[in-house]
Amino acid sequence: MTDSDLHKLLDQALKSSGRSRLEATLKGLASDDVSKNGVLTIVANAGVHSIPETFLRGEVYEASRGDWDVSTEEALLLELRGILSRLVSKLRSRRWSRVYLIPTGHPILSIQIKALVYRVLRLNTIDLYYKQGSYFEVDLDQRDIALSEEKLR
């Protein structure tokens with residue numbers, strides 16, 4: 001099929017199905033391709049901030065949503081254990097090649113998620129950093145940094 005034929009087909013689909021349905025289908029196809037490559041995006045606490053779709057790569061997993069019970073130390077630990085237990089199941093559900101972390105909500109949850117991903121998968125997360133309307137990805141190989149520091153001594 002030529003590019004011209006493909007464009008005609010897309011125009012026909014747009015006319016017959018509407019823009020929103022065509023967009024959803026194309027986004028689904030694009031995310032399926034990324035998901036097949038084992039990409040997971042973990043949103044630490046969904047519903048806290050609006051996250052641009054460009055940063056929701058592969059399969060998106062909400063570790064938690066909204067408020068949790070932090071009335072006592074025991075309640076907090078129970079909440080964290082539940083969230084992390086569900087995340088372990090997700091991490092073990094398939095082979096992941098890359099994991100993005102969107103650290104929304106309280107920092108304690110993001111710290112625990114980052115450590116858990118490394119312990120279960122031996123992968124460093126690629127973290128999203130937000131500042132004054134801009135987003136940046138933080139992709140640091142901490143092991144490489146540690147080994148580099150050892151060489152300098």
Side-chain angles (χ1 to χ4, degrees), residues 10 13-14 17-153:
L10 285 170
L14 182 62
S17 298
R19 182 181 184 96
S20 62
R21 186 168 176 206
L22 182 59
E23 281 181 13
T25 301
L26 290 173
K27 284 179 183 177
L29 290 171
S31 68
D32 283 349
D33 185 48
V34 173
S35 183
K36 288 177 188 170
N37 292 326
V39 176
L40 175 66
T41 297
I42 301 169
V43 180
N45 189 268
V48 176
H49 300 288
S50 176
I51 302 160
E53 284 191 37
T54 56
F55 293 102
L56 299 174
R57 297 185 178 104
E59 188 171 335
V60 178
Y61 177 80
E62 295 180 358
S64 71
R65 178 173 275 279
D67 294 331
W68 1 291
D69 181 6
V70 294
S71 58
T72 64
E73 181 180 347
E74 293 79 19
L76 171 63
L77 293 175
L78 188 62
E79 290 279 3
L80 289 172
R81 281 188 189 106
I83 292 166
L84 296 174
S85 293
R86 290 186 296 274
L87 179 56
V88 167
S89 295
K90 182 62 178 177
L91 294 174
R92 290 182 175 159
S93 69
R94 62 179 293 189
R95 187 175 294 267
W96 304 104
S97 60
R98 198 171 337 135
V99 178
Y100 292 90
L101 173 60
I102 302 178
T104 53
H106 196 280
I108 193 68
L109 178 59
S110 298
I111 291 167
Q112 295 295 318
I113 290 171
K114 185 168 184 73
L116 185 69
V117 168
Y118 187 77
R119 283 186 172 91
V120 172
L121 301 178
R122 294 291 187 236
L123 291 174
N124 290 310
T125 60
I126 301 167
D127 308 318
L128 191 65
Y129 178 78
Y130 172 82
K131 182 176 181 174
Q132 299 174 340
S134 296
Y135 291 86
F136 306 97
E137 287 183 5
V138 178
D139 186 6
L140 294 173
D141 185 344
Q142 295 170 357
R143 186 171 184 78
D144 186 51
I145 293 168
L147 291 174
S148 295
E149 288 297 316
E150 287 178 9
K151 291 177 187 176
L152 294 176
R153 292 181 190 191

Inset, instruction - Starting from the C-alpha separation in whole Å, work towards a yes-or-no answer on side-chain contact (heavy atoms from CB on, under 4.5 Å) for N124 and Y118. - result: CA-CA 6 Å; N124 290 310; Y118 187 77; 3.8 Å; yes
Inset, instruction - Take V99 and L121 through the test side-chain contact (heavy atoms from CB on, under 4.5 Å) and record every step on the way to the result. - result: CA-CA 9 Å; V99 178; L121 301 178; 3.8 Å; yes
Inset, instruction - Show your working on side-chain contact (heavy atoms from CB on, under 4.5 Å) between V120 and R92 and close with a plain yes or no. - result: CA-CA 8 Å; V120 172; R92 290 182 175 159; 4.2 Å; yes
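No side-chain heavy atom of F136 sits less than 4.5 Å from a side-chain heavy atom of L128. Y100 is not listed as a side-chain neighbour of L56, based on a closest heavy-atom distance of 4.5 Å or more.
Distance check, rounded to the nearest 0.5 Å: NE2 of H106 to CG of L109 gives 9.5 Å. In this structure, CZ on R143 lies 12.5 Å from CD1 on I145, to the nearest 0.5 angstrom.
Scanning for side-chain hydrogen bond (donor to acceptor under 3.5 Å, both in side chains) contacts around D127 gives K114, T125, with sequence neighbours left out. Residues meeting the side chain to side chain contact (heavy atoms under 4.5 Å, CB included) test with Y130, sequence neighbours left out: Y135. Legend: residues meeting salt bridge (Lys or Arg N to Asp or Glu O under 4.0 Å) with E137, ordered by chain and number and at least two apart, are R57. Contacts of S71 classified as side-chain hydrogen bond (donor to acceptor under 3.5 Å, both in side chains), with partners at least two apart in sequence or in another chain: D69. Residues passing the salt bridge (Lys or Arg N to Asp or Glu O under 4.0 Å) test with E62 are R65, sequence neighbours excluded.
Figure legend: cation-pi geometry between R98 and W96 absent, as NZ or CZ is not positioned both under 6.0 Å from the six-membered ring centre and within 45° of its axis.
Between the side chain of T41 and the backbone N or O of V60 there is no donor-acceptor pair closer than 3.5 Å.
Closest approach of A63 to A44, counting heavy atoms only: CB-O, 3.5 Å.
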Cut-off 3.5 Å, no hydrogens considered: what does the side-chain donor-acceptor table look like for residues 82-91, sequence neighbours left out?
| unit_1 | atom_1 | unit_2 | atom_2 | d |
| --- | --- | --- | --- | --- |
| S85 | OG | R81 | O | 2.8 |
| R86 | NH1 | G82 | O | 3.3 |
| K90 | NZ | E59 | OE2 | 2.1 |

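A donor-acceptor contact closer than 3.5 angstrom is absent between the side chains of T104 and N45.
Test L80, T72, L78 against L76 for side chain to side chain contact (heavy atoms under 4.5 Å, CB included) and you get one pass: L80. Just one of L116, V117, I102 meets the side chain to side chain contact (heavy atoms under 4.5 Å, CB included) condition when paired with I42; it is V117.
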